[in-house]
Each structure stands twice: as C-alpha cells, then as structure tokens.
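On a predicted model such as this, the values are computed, not experimentally measured, just so you know. Residue numbers begin at 1 in each chain, while the letters A, B, ... track the order of the sequences.
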Number of protein chains: 2
Amino acid sequence: MAELPDRCARCAVRDEALCASLHDDELSALNDMARRRTVTKGEVVAWAGDRSTICANIVSGVLKLATSMPDGREQIVGLLFAGDFLGDPFAEDVSLTATALSDADLCIYPRSGFERILEGHPKLERMLLRRTIDSLEEARGRMLTLGRRSAGEKVAGFLLDMSAKVSAGRGPGADGGFDLPISRGQIADVLGLTIETVSRQMTALKTAAIVKLAGRSVVILDRQALAARAGGG
Amino acid sequence: MAELPDRCARCAVRDEALCASLHDDELSALNDMARRRTVTKGEVVAWAGDRSTICANIVSGVLKLATSMPDGREQIVGLLFAGDFLGDPFAEDVSLTATALSDADLCIYPRSGFERILEGHPKLERMLLRRTIDSLEEARGRMLTLGRRSAGEKVAGFLLDMSAKVSAGRGPGADGGFDLPISRGQIADVLGLTIETVSRQMTALKTAAIVKLAGRSVVILDRQALAARAGGG
DNA sequence: CGCTGGCTTGAGGGGCATCAAAGACCGTGG
DNA sequence: CCACGGTCTTTGATGCCCCTCAAGCCAGCG
C-alpha cells in the first residue's frame, strides 16, 4: 500500500477538493502525475480554443472562467475558489478562458492521465459528476439573474452570495464583514452590467445604510433589507 | 441473459437517449422499473421545490426547464427534446419546474431506482457525466447571451441555434426551412426579453429579407447576414 | 512626485420594457 | 356557414433603466 504523499497530507484542500473521494492509498496514482504551480494575478491558465491538456484543483486563490465576444464584451460564467476543480477531462479543446484573479496555487494533472485515473476510480467519477451537477445548477441560477433581474437586484444578490460563500468557509457564527474577492469591474462581468452601474448600486446600498463599504471590505448591516432588494426567487 | 424488451426495441430514441450506453441485455433492469407516460401541452411534469421522485427520458415532444421569481418573472434555462434526460438522480428536491410545451411522451424511472442502477453501470454513469458537462457548457454559453448580447443578437442567434438543432436531427443537406418548437413568448423567456421585443426583432429580420417568417415556420434566406447579426463569439 | 489601476460621480442618450390596442389564427358551437 | 371567444402575434406610443462618455478622486508604487 502506497503511503500518503507528503504533499497531499499537508494540502490545504485535502478534504475539500475532488481528491477527498479517494483513500490515502489511492491518492498516490493521482499524485504521481500531479505538479504544483503558482500563478500570479492576471495570468491566463487556459485559453478558450486551445488544446485542452490539463485539469487542476485550486489550492488557493481565485480564478475566473469567462467567455467573450470578438468585440471584447466579456461574461464571467464562473468563479473558482480553493477546493474547486478546473477543466473538462473529456473535452479536446478548452471552451472557457481561465484567468487568475489573484495569485493562486494549483495542483495540476495532465488531462489524459486524469481521464485514465477516472476509469479506475468510480468514487472519483461520482464526485466529479456531483460537482458538475452543482455547477450546472449554479449556472442556471445565474441565468435567472442575468435574464430577469434588475441591476439593483443583481448587486444585492451578489453581495449575499459572496457573504454566504465566505461564511461557509469560516464556520457558523462569524457574521461579521468580509472582503470581496474580485474588483467592481469583474463583478460587472459576472452580473452582465457595467462597472459604473455596479458602483452606483453599491453606493445606493451604502447610502441606505444596508451595507458598510470601504474598498473591497463589506459589512452587511441589514441582511433582511438586502435580501428584500435581491428580490428572492 | 434477458431479452431486449419490446418497448425498448421499438423506442424512437433507443440510440440517442442515455440508454444507448447500455447493451440490449443490460436494458432490462432499467426497463423493469420504467413506465411510459404521455403528457399534454402545458402540463407540469415536476414542480421546483417538490420532492424529487423521478427521472425520465424524453421520447418525443418538447419540455422547458424554468426558474421564476416570486413576482412571476420567469427564465427558461433549458429546452428538452427527444433523447434528452430530465431530472437529477441525486437531488432530494426538484430545483427547476419542468413543463411540457407540446404533447410529449416520457419514459419515466423512479429516482431512487435509477440511482441504484447507476451504481452498477459505469457506462451509464459516464454517459450521464458527459451529458451533464454538455449541459453545463450550453448553460454557460447562454450566460454570455443573457448578460452581454443585444436583443437583435439574441434573436438572430436563437434562430441559428434552432436551425442547427433541427438540421442535426435530419441529416446533412436539408437546408430548407424549419418550424420553431416554441412560441414567441417562450422565446422571450429563453432570451431574457419581452414578447414584444422578440416580435419586433423578428419582423426586422423579415423586413431585411434575411429570413422568411410565417407563424412558427422559418426559412433562413441569408445565413451569413443572420450570423453577422448574431455577433459571433 | 507622477504614473497607473481601480473607483466614484455626473450628464445625456438609447435600447428595451411597459402600456395599449388591433390583427391573425383556430377550434367551438350556434 | 359564420359568429364567437381564446390565444398568440404584431404594431404603436411613451418612458425608464442602464449604457456611454467624460471627468475627477484615491491609493499604491516606481
């Protein structure tokens, strides 16, 4: 029986990433072909249209998945945080450009090798299926936001989402403030708005004393009012 | 070895639906718990929020998957055609309301049973994973449309999509017209527009002699111009 | 200190929603 | 046969929400 690789034993996302579905001794096969890589803020990890050669787990940092149009309009279709999985094991080509929004650590596998491992590890495949289903559900929820919500509803909902995401990684009780992981401009690209509209909506929330804002730091003062502005659904 | 169930042998989507991943003799286990059901236009197959009890293959007809807001705003997040799969084998609750947009035939499985079969049939699970990945990619493509495209681009793109979908089921060469599977109002709910805007954009395309329109029938007269209006991306 | 990137604020216009009404299509029943 | 109601669609008039363009503010950093 192989030993738990040291790199994995000390991995910050050992129990959170896809690999959590593998026993310690199963991990070695994956680990044998993995390599760690640190990417810097702004660096593109994968270009849409390129050959797909890798999959990866996010160990730390934030990445965006985005599509864009020839004239430059961009839509962020997903944000990836620590523990999230990047890449499509079956696709020949990359469909979405993945860019680091902060410095980030990745645990990278060659795609072909990952696909091979998938064959022999049904638990890993099951985990991947569940995660893909979750991503699909999230994407569909965002479709409602993009298609039917007003700018005010979008921004209020986004703040609630981010609040939920950080408090999930922090255990219950910690209902203080948090820092937005991305800039105003990127929020605009998530919500299908312009940076000016995002900014105006945020100052409106600040003026209404619903949130306290300073740069990227956020404190929700009146969660109920914020939820009301998000509109439910 | 079990015999290929007669119902499956004559099934219109035998080679197209998820079951295509199963050998004839593996099909019996699935078939044993399946039942056919015909639903009529307008009938709701599954309500968001209800307990999830079924999965199904669409044998014929068109369904919509939609989310909505308390005030009634609706967003269609997916259209299901013959061969498509409906339901989430793992979810306890239904997340999206599924409604028949035409009379439709379904091949329905109890969710719990389907989940059990999944355990023993890796090829079936692999097929489901691939389809889920495809759905995710489609959803993300629509996010670009919803967030960043103009009304004119949305409608032009939609017509191209529908054209591609019907010609896919028809073999190559058949580049004539086709019928839209859904109403103007439903197109609006897919694209995040109002019915009036959809109508106006379509008459604009007709006036420009790019398409010929009569009710739901569509003939694309100038595919290049239509693609130009869709904006690429 | 000037430069750069991110954020805010203002003024103005356009795209799409909203409101309103009339036309097209269709099955139903008189 | 045709009047009738229902649903879907088209077309018009109006207004608002958000984009666009433009300027200025702030913090970090060479």
**Request:** With DNA chain D as reference, determine whether A:Val198 or B:Lys41 sits nearer its 5' end, using the nearest nucleotide of each.
**Result:** B:Lys41
**Request:** Ignoring hydrogens and angles, state whether a donor on the side chain of A:Thr38 or A:Asp105 is under 3.5 Å from an acceptor on the partner side chain.
**Result:** yes
Please report, rounded to the nearest Å, how far the [atom2] atom of [N] is from the [atom1] atom of [X].
X        : N      : atom1 : atom2 : result
B:Arg149 : D:dC19 : CZ    : C1'   : 18 Å
A:Leu191 : D:dC17 : CG    : P     : 18 Å
A:Leu213 : D:dC26 : CG    : P     : 17 Å
B:Asp189 : D:dC8  : CG    : C1'   : 14 Å
A:Ile187 : C:dG6  : CD1   : P     : 13 Å
A:Arg216 : C:dG5  : CZ    : P     : 15 Å
B:Gln201 : D:dT10 : CD    : C1'   : 14 Å
B:Arg73  : C:dT18 : CZ    : P     : 9 Å

Does [X] put a side-chain nitrogen or oxygen below 4.0 Å from OP1 or OP2 of [N]?
X        : N      : answer
A:Thr203 : C:dT9  : yes
B:Ser183 : D:dC8  : no
B:Arg200 : D:dT10 : no

**Request:** From the options C:dT9, D:dC18, D:dT9, select the nucleotide whose nearest atom is closest to the side chain of B:Ile195.
**Result:** D:dT9
**Request:** Looking only at side-chain atoms of A:Thr194, point me to the closest of D:dC18, D:dT20, C:dA17.
**Result:** D:dT20
**Request:** Give a yes or no answer on whether the side chain of B:Ser199 reaches the backbone of B:Ile195 with a donor-acceptor pair at less than 3.5 Å.
**Result:** no
Looking for any heavy atom pair under 4.0 Å, which part of the strands does [X] touch: base, sugar-phosphate only, or nothing?
X        : result
A:Gly215 : nothing
A:Gly192 : sugar-phosphate
B:Gly152 : nothing

**Request:** For the pair A:Glu43 and A:Arg37, find out whether any cationic side-chain nitrogen is under 4.0 Å from an anionic carboxylate oxygen.
**Result:** yes
**Fill in**
When B:Asp71, B:Asp189, B:Thr67 are each screened for side-chain hydrogen bond (donor to acceptor under 3.5 Å, both in side chains) with A:Arg148, the one that passes is B:Asp189
**Request:** Report yes or no: is the cationic atom of B:Arg130 (NZ for Lys, CZ for Arg) under 6.0 Å from the centre of the six-membered ring of A:Phe90, at an angle within 45° of the ring normal?
**Result:** yes
**Message:** Please determine whether any donor N or O and acceptor N or O are separated by less than 3.5 Å between the side chain of A:Glu196 and the base of D:dC21.
**Reply:** yes
